[in-house]
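First comes the structure, then the notes that go with it.
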Amino acid sequence: MRKKLFAWGIVAFVLVGWAAHAQDVPNPSALLHLKIDGAINPVVAEFIIDAIEQAEREGAQGVLVELDTPGGLDESMRDIIKKILNTPVVVIVYVSPSGARAASAGALITLAADVAAMAPGTNIGAAHPVAMGGGMDKTMEKKVVNDAVAYIKGLAKKRNRNERWAERAVKDSISTSADEALKQNVVDVVAASVTELMEKIHGKVLKKGTESLTLATRGAELRPVGMSFRQRLLNTLSNPNIAYILMMIGVWGMFFELTNPGAIFPGVVGGLCLLLGLYSLQTLPVNYAGFALIGLGIVLLILEIKVTSYGLLTISGLIAMALGSMMLIKGPAPFFTISKSVVLATVGATGLLFAFVMLAVARAQRSLPASGAEGLAGEVGHALSPISSGGGKVFVHGEYWDAVSDESLEAGSKVKVKSVNGLTIKVGRV
């Protein structure tokens with residue numbers, strides 16, 4: 001029985017090894033298939049570039065990118081386009097599914113592809129550049145627009161696509177449907193599915209550098225490629241709302257650790273969230289004036305604990321924090337800004353948190369002493385011996401005391417501490 005199990009184990013091991021090896025066998029007709037759904041940021045750029053390099057290593061025919069994006073960061077877009085233009089493998093960009101879009105940075109990436117395709121019901125365009133972190137004067141805006149126009153026209157010319165449309169997509173922010181884009185020579189094909197796309201572009205001749213190659217996509221193997229765990233995590237952290245929330249949780253944690261030294265847990269969690277939040281902010285268009293206002297708001301809230309301002313510092317701190325939060329991330333589109341509802345909820349939670357802290361401080365200041373001689377006043381104990389103005393013994397607060405009283409108290413009676421004078425307490429009958 002053991003020999004049979006051992007033999008089956010060997011067979012299973014060989015089959016698993018063969019299956020793993022089969023994934024690495026070069027297939028010249030294979031296409032790596034990846035999907036992009038969201039803003040173009042440094043993590044997405046890294047993901048696409050890694051996929052293209054993987055196709056190069058594996059000797060695959062190329063990469064198929066299903067794209068649905070509202071746009072993204074200019075630097076990340078240019079990194080992707082630079083890789084597309086300089087790779088020996090074919091890069092196919094397919095705006096899909098129906099209802100998707102290739103706006104702003106997505107439009108340029110689609111134009112740069114060796115094969116540009118769209119699904120029915122999709123649109124492309126609206127590539128006018130928008131300043132990050134604030135507005136631009138007219139001179140600077142003219143420079144930026146002219147640069148973008150020259151860039152997109154260069155891409156269209158290289159791929160033999162409509163240069164006039166490309167210019168208008170930047171200058172006039174036009175957006176075009178799939179069918180119209182095909183008529184105007186903006187894209188190469190409109191296909192309802194990946195299978196139909198593979199069928200339509202089969203046999204298409206492309207020029208890569210100085211060489212020409214013919215696509216063999218009919219029945220080609222599509223190898224799905226997904227983001228690594230690290231890339232998924234970093235892509236999630238690149239969401240402005242998550243970055244902001246992490247940063248504020250970090251501030252709360254550090255505040256609790258500073259006000260309660262030795263608590264450890266708030267400091268560890270706060271430090272971790274603060275570091276993750278700061279990492280996220282480096283991938284986003286941060287306005288440092290907003291950062292400064294948030295810092296000022298936090299300082300004012302902390303001062304409220306030390307200085308009696310009757311709530312003025314708290315209100316000022318919350319206003320500064322709210323304004324700073326609104327200004328903190330100012331990107332080229334709504335997906336690169338912090339939601340107002342998130343800001344209001346976070347600032348409101350911060351206000352409640354500090355209100356709770358202030359209430360606890362006020363109660364502590366108003367409460368009677370709970371330790372030492374002053375803490376004995378009002379405590380109830382019992383007489384161990386008869387007590388009079390001449391003295392006696394009582395047991396109170398877990399201790400034995402010499403006691404005096406203005407009235408005669410018999411042994412065993414309950415007594416209440418009225419005052420403390422050195423090592424003698426004055427008591428009365430309960």
Side-chain angles (χ1 to χ4, degrees), residues 248-274 295-321 345-430:
M248 295 309 299
I249 291 176
V251 169
W252 295 344
M254 298 306 292
F255 170 76
F256 274 115
E257 183 64 31
L258 291 174
T259 53
N260 299 275
I264 299 177
F265 180 74
V268 171
V269 174
L272 180 61
C273 289
L274 194 58
L296 174 62
I298 293 169
V299 170
L300 293 175
L301 290 172
I302 293 175
L303 285 176
E304 181 67 75
I305 300 175
K306 306 293 183 180
V307 180
T308 305
S309 70
Y310 303 100
L312 182 60
L313 287 175
T314 298
I315 295 173
S316 301
L318 292 175
I319 292 175
M321 187 177 292
T346 305
V347 173
T350 303
L352 291 174
L353 173 67
F354 278 85
F356 173 77
V357 172
M358 290 301 301
L359 182 61
V361 170
R363 285 179 176 176
Q365 291 175 343
R366 289 197 301 266
S367 63
L368 295 173
S371 62
E374 294 83 356
L376 284 176
E379 289 286 337
V380 175
H382 63 272
L384 298 176
S385 66
I387 303 172
S388 64
S389 57
K393 289 284 186 181
V394 298
F395 183 79
V396 63
H397 201 59
E399 300 169 333
Y400 296 96
W401 286 84
D402 292 327
V404 295
S405 177
D406 293 335
E407 53 185 322
S408 296
L409 302 173
E410 59 274 12
S413 60
K414 284 189 176 182
V415 297
K416 184 176 183 180
V417 179
K418 292 183 176 181
S419 61
V420 181
N421 183 16
L423 296 179
T424 303
I425 60 176
K426 187 175 183 180
V427 298
R429 190 184 302 276
V430 175

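Here, residue 1 is the first one in the sequence, and each next residue gets the next number.
Side chains of Asp402 and Lys393 form a contact here, defined as non-hydrogen atoms less than 4.5 Å apart. Annotation: side chain of Val347 is not in contact with side chain of Met248 (no heavy-atom distance under 4.5 Å). A heavy-atom distance below 4.5 Å is found between the side chains of Thr424 and Val404.
Val430 and Val415 get closest at one heavy-atom pair: CG2-C, 3.5 Å. Nearest heavy-atom pair across Leu384 and Tyr400 is CD1-CD2, 3.2 Å. Nearest heavy atoms, Gly250 versus Cys273: N-CB, 3.8 Å. When all heavy atoms are compared, the tightest approach of His382 to Gly412 is CB-O, 4.4 Å.
Atom-to-atom distance recorded for Ser389:OG and Lys426:NZ is 10.0 Å, nearest 0.5 angstrom. Between the CD1 atom in Ile315 and the CG atom in Leu300 there is a gap of 12.0 Å [rounded to 0.5 Å]. One distance of note links NZ of Lys414 with CZ of Arg429; it measures 13.0 Å at 0.5 Å rounding. Between atom CG of residue Leu272 and atom CD1 of residue Ile249 there is a gap of 10.5 Å, rounded to the nearest 0.5 Å. In this structure, the separation between CG on Asp406 and CD1 on Ile387 is 12.0 Å, given to the nearest 0.5 Å. Here the straight-line distance linking atom CH2 of Trp252 with atom CD1 of Ile298 works out to 10.5 Å at 0.5 Å rounding.
Within the 3.5 Å criterion, the main-chain N or O of Val427 finds a donor-acceptor partner in the side chain of Ser405.
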